[in-house]
2 protein chains.
Amino acid sequence: MVTIGDIARAAGVSRSTASYALSGKRSISAQVRQRVADAARELGYTPNAGARALATAETRVVGLLAQFHADEFAPAMLQYMLGVSDTARELGYDTLLVTEADGARALRRITDSRMVDGVVLLNVAQDDARLPLLRAAPQPGALVGLPGDPSGVDVFDLDFAAAGRAMVDHMHRLRHRELILVSQPEHVVERGGAYVWRLQDAVVQQAAARGIGLHAAFGPSRQPDVGRDLHALLDAHPAATGLLLNNEAAAAALPSVLHARGLRAPRDLSVIGRYSDEFARTFSLPFSSVESAPDLLGEMAVRHLVRRITDPLARDEPHVLRLVPPELVDRGSTGAPPTARTAGPGTPPDPHGQGGRP
Amino acid sequence: MVTIGDIARAAGVSRSTASYALSGKRSISAQVRQRVADAARELGYTPNAGARALATAETRVVGLLAQFHADEFAPAMLQYMLGVSDTARELGYDTLLVTEADGARALRRITDSRMVDGVVLLNVAQDDARLPLLRAAPQPGALVGLPGDPSGVDVFDLDFAAAGRAMVDHMHRLRHRELILVSQPEHVVERGGAYVWRLQDAVVQQAAARGIGLHAAFGPSRQPDVGRDLHALLDAHPAATGLLLNNEAAAAALPSVLHARGLRAPRDLSVIGRYSDEFARTFSLPFSSVESAPDLLGEMAVRHLVRRITDPLARDEPHVLRLVPPELVDRGSTGAPPTARTAGPGTPPDPHGQGGRP
DNA sequence: CTGAAAGCGCTTACAG
DNA sequence: CTGAAAGCGCTTACAG
């Protein structure tokens, strides 16, 4: 392989001069700089990453710890991963992907061995076993997902509580009086998937505050189970006029369920989901939704992480906890409930539509 | 950080002895070995990856180059990625994920800098710009996807031609006489997505050989476009009794389309797709399909890659080109065509069902 | 069975 | 503006 020694020899300078000429870290005569640059280009020189890491204690690699659980909807995870990976690259970092089941062990391995300059944790649980290790690690960490104890790391997540309130308020403004909420599977909650109950609790409280009847249920993450459950819920609560979905699989299953029942949204049922626009487009989901913003969250996490890595001042700044406010993307699946519409003939279908992306 | 010097000092031996004791690469007295092991454990020693890579010229990292195109169905990619990543870890390797749009540039970067010991390319095109670079790289490479020129690398892919023939033959045995094939978008073909026409050509030829009428079309990778196209195809070819799908988005859209038309598979239409079982379960697709085996292909690619990396003999073995034979997973969506069934009353619905996974 | 030393390819004070 | 040298933390011939 071609080393900096080869460049130095070809340019007729010392290795240190070659190094400085390439890095620009001290002033070099234009002549020499040109000779070094030419030599590097001609010989196709790329610094050896291991050697550079050893000398500088910087790898320019970030770790990305993803966790895949059998009872979660895997495709949603990909968008977070791409948000992280693409942003990292934009900032000059590569991404070490870790999908190992034992995330704590993996985290220790990549941090102890100094394979990475920082770590992004995905799918963070309430009491995440990886967190104590991350706090103890010399590298900074950023989370996508809000844990019980967010200290010592930068945390980014959708504001699920605000999302729940926004869903209820939107339905309330349209005069809905009875709603169904389908959350992720209960297993997710038991494993510490706090976002499930953060949204659910907010929905429950806001519904109570608004005098709205609410039926909250956990839904499976697989088809056809989730479709069957949706049917059962609609059977059980015929007076419900609005459906809130904090469950990607349920959203994907709903078109068939509605079709089978001869229902249309928003004519017969108003629907709001919680998923990404990319997800909606991929599966053609015609339902308004609170944008889960996976790419944005991944990007925010990496930007903050890299700032902490590179900026010596940022290193000791207080950690941030940023909850992205919910944005309701209007796809026209909400309107006045059937009864209200018959009762008040002049009522427009969505007088308070929040707009969102077109 | 704790280095091997710290271990050596704590154990009262030289650094080389500590290193040998840890690696077991030469015989060490039981006493010393124990003292070193204790010291390493107590101090929480993990070798510095950069230093080790510099000394051994091995990183124990494989590069994973994924490519995401706007007109392809992204969720399918995740399973290949997990197949690679999980297998790599099982073999003691970490995975550097590259999602950069300019795959060739990225490949050069990670190979030239010696960040990886080998590379897996996903989504390989007929005339893939990354291939010349990979052949010129000092590290071995493995592909998932068959390029026009497979020399210099190990290649793994589904046997799409055999898959096409199997689809047609299955329909032929059931006495279907007119079929529709929906492929991936034409853009994928233009970009060099050879698997599209490998399957399509085989279907066309086999249909001709069997005297079966065939209507081949490219389908969009997005909803609702693909659903609309499916409707148009079924409208245009009312006599077609079988539908072959080499397009994940089309498969995901089909249940709604069938429902909207009041059709049931296999009663009114026999259907065979080409996607993974994981995909089928996630979206509850009730259609028999040729398994695309993403996890298996990712695993095979990594196993061969690691063998070439670690086994000095394997290094110079001839490169392999392995096409995984298609396996038809029977989900009960094929049967005799409606006309044949009325014609021959005693005909069982699927006399030659290939079984496959239950 | 063990140790002193060289070397992997960089970067960066130190010295001029 | 430039060079000789030290050092990052490992591994591994070389020598005993």
Side-chain angles (χ1 to χ4, degrees), chain A residues 1-37 39-40 43-61 109-117 138 310 312, chain B residues 1-37 39-40 43-61 109-117 138 310 312:
Chain A
M1 75 176 294
V2 32
T3 73
I4 196 155
D6 299 325
I7 305 303
R9 200 172 319 115
V13 297
S14 73
R15 299 194 307 152
S16 63
T17 298
S19 177
Y20 282 120
L22 255 20
S23 70
K25 286 193 181 168
R26 78 175 178 193
S27 42
I28 299 280
S29 70
Q31 279 190 20
V32 166
R33 195 176 329 129
Q34 192 57 50
R35 289 212 311 273
V36 170
L43 302 181
Y45 171 69
T46 308
N48 180 292
R52 171 173 278 180
L54 186 56
T56 63
E58 277 192 5
T59 63
R60 300 196 71 88
V61 174
R109 178 165 43 79
I110 68 171
T111 54
D112 280 1
S113 66
R114 301 294 195 280
M115 296 180 82
V116 296
D117 293 340
T310 54
Chain B
M1 76 176 294
V2 33
T3 72
I4 196 154
D6 300 324
I7 305 304
R9 200 173 316 114
V13 296
S14 72
R15 299 192 307 152
S16 63
T17 298
S19 176
Y20 283 120
L22 255 19
S23 70
K25 286 192 183 171
R26 77 177 180 193
S27 43
I28 299 280
S29 71
Q31 278 190 21
V32 167
R33 195 178 328 130
Q34 191 58 50
R35 287 214 310 273
V36 170
L43 301 181
Y45 170 70
T46 308
N48 180 291
R52 172 173 278 181
L54 186 57
T56 62
E58 278 193 3
T59 63
R60 299 198 72 88
V61 174
R109 178 166 43 81
I110 67 171
T111 55
D112 279 1
S113 66
R114 302 294 196 280
M115 296 181 84
V116 297
D117 293 340
T310 54

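Order of the sequence lines sets the chain letters (A, B, ...), proteins ahead of strands, with each chain counted from 1. All values below were derived from every heavy atom in this structure, side-chain atoms included, with hydrogens, water molecules and symmetry-related copies excluded.
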Notebook entry, point to check: By side chain to side chain donor-acceptor pair (under 3.5 Å), which residues pair with A/Arg109, not counting sequence neighbours?
Noted result: A/Glu100, B/Asp94
Check: If we only count heavy atoms from C-beta on, is the B/Ile7 to B/Val36 side-chain gap below 4.5 Å?
Finding: yes
Checklist line | B/Ser29: partners by side chain to side chain donor-acceptor pair (under 3.5 Å), with sequence neighbours left out | finding: none
Next item on the list: Mark up nucleotides 9-16 of chain D, 5' to 3', with B wherever a protein heavy atom is under 4.0 angstrom from a base atom, S wherever such an atom reaches only the sugar-phosphate, and - elsewhere.
Entry: BBBBBB--
Give every donor-acceptor pair under 3.5 Å between a side-chain atom in residues 50-58 of chain B and any protein atom, sequence neighbours left out.
| from | atom 1 | to | atom 2 | distance (Å) |
| --- | --- | --- | --- | --- |
| B/Thr56 | OG1 | B/Arg52 | O | 2.7 |
| B/Thr56 | OG1 | B/Glu58 | N | 3.2 |
| B/Thr56 | OG1 | B/Glu58 | O | 3.4 |

Next item on the list: Not counting sequence neighbours, list each pair that qualifies as a salt bridge (charged side-chain N to carboxylate O under 4.0 Å, His left out) and has a residue in residues 3-12 of chain B.
Entry: B/Asp6-B/Arg9
Item checked: Sequence-distant partners of B/Ser19, side-chain contact (heavy atoms from CB on, under 4.5 Å), two or more places apart -> B/Ile4
Next item on the list: Could you summarise the pairing of DNA chain C as dot-bracket text, marking Watson-Crick and G-U pairs under 3.5 Å with ( ) or [ ] inside the strand and | across strands?
Entry: |||.||||||||.|||
Margin query: Give me each pair satisfying salt bridge (charged side-chain N to carboxylate O under 4.0 Å, His left out) with a member in residues 13-36 of chain B, each pair once, sequence neighbours excluded.
Written below: none
Margin query: The criterion is side chain to side chain donor-acceptor pair (under 3.5 Å); which residues satisfy it with A/Asp117, sequence neighbours excluded?
Written below: A/Thr59
Notebook entry, point to check: Taking atom P in both D/dA6 and D/dT2, what distance in whole Å separates the two?
Noted result: 23 Å
Checklist line | Distance test, side-chain N/O of B/Ser27 to OP1/OP2 of C/dC1, below 4.0 Å | finding: yes
